[in-house]
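A short write-up of the structure that comes next.
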Amino acid sequence: MIWKTLGKTGLQVSVVGYGASPLGNEFGPADVAEGVRAVHAAIDQGINYFDVSPYYGRTLAETRLGEALVGYRHKVILATKAGRYDAALPDGFDFSAERITRSVDESLRRLQTDYIDLFQVHDIEFGHKQQIIEETLPAMLRLKEAGKVRFVGITGYPLQMLRDVAQAVDVDTILSYCRYNLLDTTLDDVLTPLARRRGIGLINASPLHMRVLTDKGAPEWHPAPRRVVAAAEQAAAYCRQRGVDLADLAMQFALQHSYVAVTLVGMSKVAHVERNIRSVGVEPDPTILAGVQAILAPVKDICWQEGRPENYEPGAVEKRS
Ligand code: NAD
């Protein structure tokens, strides 16, 4: 394993982070016992960063991760979120100070711990920018002062909104997803320069583009336009013909980022933990990488609409178009 410093938090984080959304069945039903084994295998092999949210599996992922971490909590850096819950409910998104303050106690209970290392606003694009800046983040910063959380961050998809909020409030970290991998590298156009300048910890989630960059391919709910998914299927076939796994290449590519401290990959299986760790410090084969990049070039950097319309990124296309 390789560890890097997560910006001004000073936390030493493993470059591969454990994304716990699959533990909440977000990619299909997860085997619970195998999920526990995957968490323990990750810790045994040097992964010390765990990312979860009450949203994943509508609290299921937090509960399962909390159970798996009994006896291991002191070995890990635990990151969770607040503000996004269950889209089917009227209060499915709630970025009010009152809800954020209640949310941390609920997460502490489910995660069976008395502190959260990193508490993040989950998907700020579903809120109003002004509320995130003037109410949500100040509430989180009060929780930091109270000692319930050690650091405070923001997460989301549209890069410009993340940048605007990070310019307005002194956050410790920024997490974005599907914005630095073989299909999209625009993280570097918008957020990386700001994060570097300000010493903000930068977290890159979904190096497999939420399973698009794997042999299994996109889950049915995936928001990317169909032409993106089709090009990735072609890239997977190209790799297979050459005895290479596209997921390995995608991990190797993402892990080479010079500023991102931790790359979060979703895992609920021991085999995926072992496979992803094997990509640490490995350079992608240049010929295969060039071949894959040529196949993906026509669909590179296509982003989709996410959140409230006023928060869409300029140029974002309709989901699943
Ligand atoms: P991902 O790109 O990491 O893909 C995960 C999927 O790929 C899962 O189905 C997993 O089983 C599969 N997989 C993992 N390793 C594999 C391998 N070696 N070979 C083949 N398949 C493999 O997408 P993700 O899970 O959405 O993102 C990673 C994590 O980042 C999440 O679990 C979550 O913790 C975090 N995240 C946060 C936000 C946010 O805060 N807004 C958004 C997205 C993701």
Side-chain angles (χ1 to χ4, degrees), residues 16-31 34-35 38-39 41-42 47 49-57 60-62 64-65 77-84 93 118-127 153-159 161-162 173-184 187 202-224 232 236 239-240 244-255 260 262-280 282 306-307:
V16 174
Y18 190 108
S21 74
L23 290 181
N25 300 340
E26 291 290 346
F27 290 86
D31 177 322
E34 174 68 3
V39 167
I47 291 182
Y49 190 95
F50 284 75
D51 176 88
V52 70
S53 163
Y55 173 64
Y56 302 148
L60 191 59
E62 278 195 339
R64 287 181 172 171
L65 183 61
I77 292 162
L78 193 49
T80 193
K81 315 188 187 97
R84 181 169 193 172
F93 294 97
L118 177 61
F119 200 43
Q120 304 154 103
V121 188
H122 195 170
D123 291 341
I124 58 171
E125 64 270 24
F126 288 93
I154 50 176
T155 83
Y157 182 73
L159 298 169
M161 184 174 179
L162 289 164
T173 62
I174 308 175
L175 178 161
S176 193
Y177 66 98
C178 294
R179 306 315 293 263
Y180 190 83
N181 61 40
L182 288 171
L183 276 165
D184 188 327
L187 183 78
L202 194 55
I203 301 164
N204 177 32
S206 313
L208 306 178
H209 217 64
M210 302 193 297
R211 219 177 69 193
V212 171
L213 294 166
T214 71
D215 273 341
K216 200 167 180 184
E220 178 269 321
W221 49 260
H222 203 289
C239 285
R240 263 194 313 276
V244 170
D245 181 353
L246 176 61
D248 288 348
L249 192 82
M251 284 302 297
Q252 291 158 12
F253 175 84
L255 287 168
V260 164
V262 53
T263 296
L264 299 179
V265 57
M267 300 181 282
S268 59
K269 296 184 181 128
V270 175
H272 285 161
V273 170
E274 289 175 346
R275 186 127 203 155
N276 293 332
I277 288 177
R278 275 208 294 277
S279 287
V280 173
V282 177
E306 199 67 69

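Order of listing sets the numbers, starting from 1, for every ligand and every atom in it. If you're wondering where the values come from, they're calculated on a predicted model, not measured in any experiment. Throughout, residue positions are numbered sequentially from 1 according to the sequence presented. Heavy atoms only: backbone and side chains are in, while hydrogens, waters and symmetry mates are out.
- Contact annotation: for T155 versus ligand 1, heavy atoms closer than 4.0 Å belong to the side chain alone.
- Here atom 41 (N) of ligand 1 lies nearest to D123 when heavy atoms of L208, I154, T263, D123 are compared.
- Those atoms of ligand 1 with a heavy atom of P22 less than 4.0 angstrom away are 32 (O).
- Ring planes of F253 and Y180: parallel class, angle under 30° (limits at 30 and 60°).
- Atom 37 (C) of ligand 1 has its nearest heavy-atom neighbour, among Y177, Y56, F27, F50, in Y56.
- R84 forms a cation-pi arrangement with F126, by the criterion of a distance under 6.0 Å to the ring centre and an angle within 45° of the ring axis.
- The aromatic rings of H122 and Y56 sit perpendicular, their planes meeting at an angle over 60°, well past the 30° parallel limit.
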Inset, instruction - Give the intermediate values and the outcome of side-chain contact (heavy atoms from CB on, under 4.5 Å) for residues V260 and L187. - result: CA-CA 10 Å; V260 164; L187 183 78; 3.9 Å; yes
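- Within ligand 1, the atoms closer than 4.0 Å to a non-hydrogen atom of L175 are 37 (C), 38 (C), 39 (C), 40 (O), numbered from 1 in the order shown.
- Atoms of ligand 1 lying under 4.0 Å from any heavy atom of H122, numbered from 1 in the order shown and given with element: 39 (C), 40 (O), 41 (N).
- Close contacts between ligand 1 and K81 involve ligand atoms 37 (C), 40 (O) [criterion: under 4.0 Å to a heavy atom].
- Among all non-hydrogen protein atoms, the one lying nearest atom 3 (O) of ligand 1 is G266 N, 2.8 Å.
- Between A205 and ligand 1, not a single N/O pair is under 3.5 Å apart.
- When non-hydrogen atoms are compared, ligand 1 lies under 4.0 Å from the side chain of A247 (C-beta onward) but not from its backbone.
- Of the protein's non-hydrogen atoms, the one nearest atom 24 (P) of ligand 1 is S206 OG, 3.6 Å.
- Geometrically, ligand 1 and T214 share no nitrogen or oxygen pair separated by less than 3.5 Å.
- Annotation: D248 places no N or O atom under 3.5 Å from an N or O atom of ligand 1; distance criterion only.
- Residue pairs that meet the side chain to side chain donor-acceptor pair (under 3.5 Å) test with at least one member in residues 16-31, sequence neighbours left out, are N25-R64, E26-R58.
- With ligand atoms numbered from 1 in the order given, ligand 1 contributes 32 (O), 34 (O) to contacts under 4.0 Å with heavy atoms of A20.
- Applying the 4.0 Å criterion to heavy atoms of G19 picks out, from ligand 1, the atoms 29 (C), 31 (C), 32 (O), 34 (O).
- Between N276 and ligand 1, an N or O atom pair is found at a separation short of 3.5 Å.
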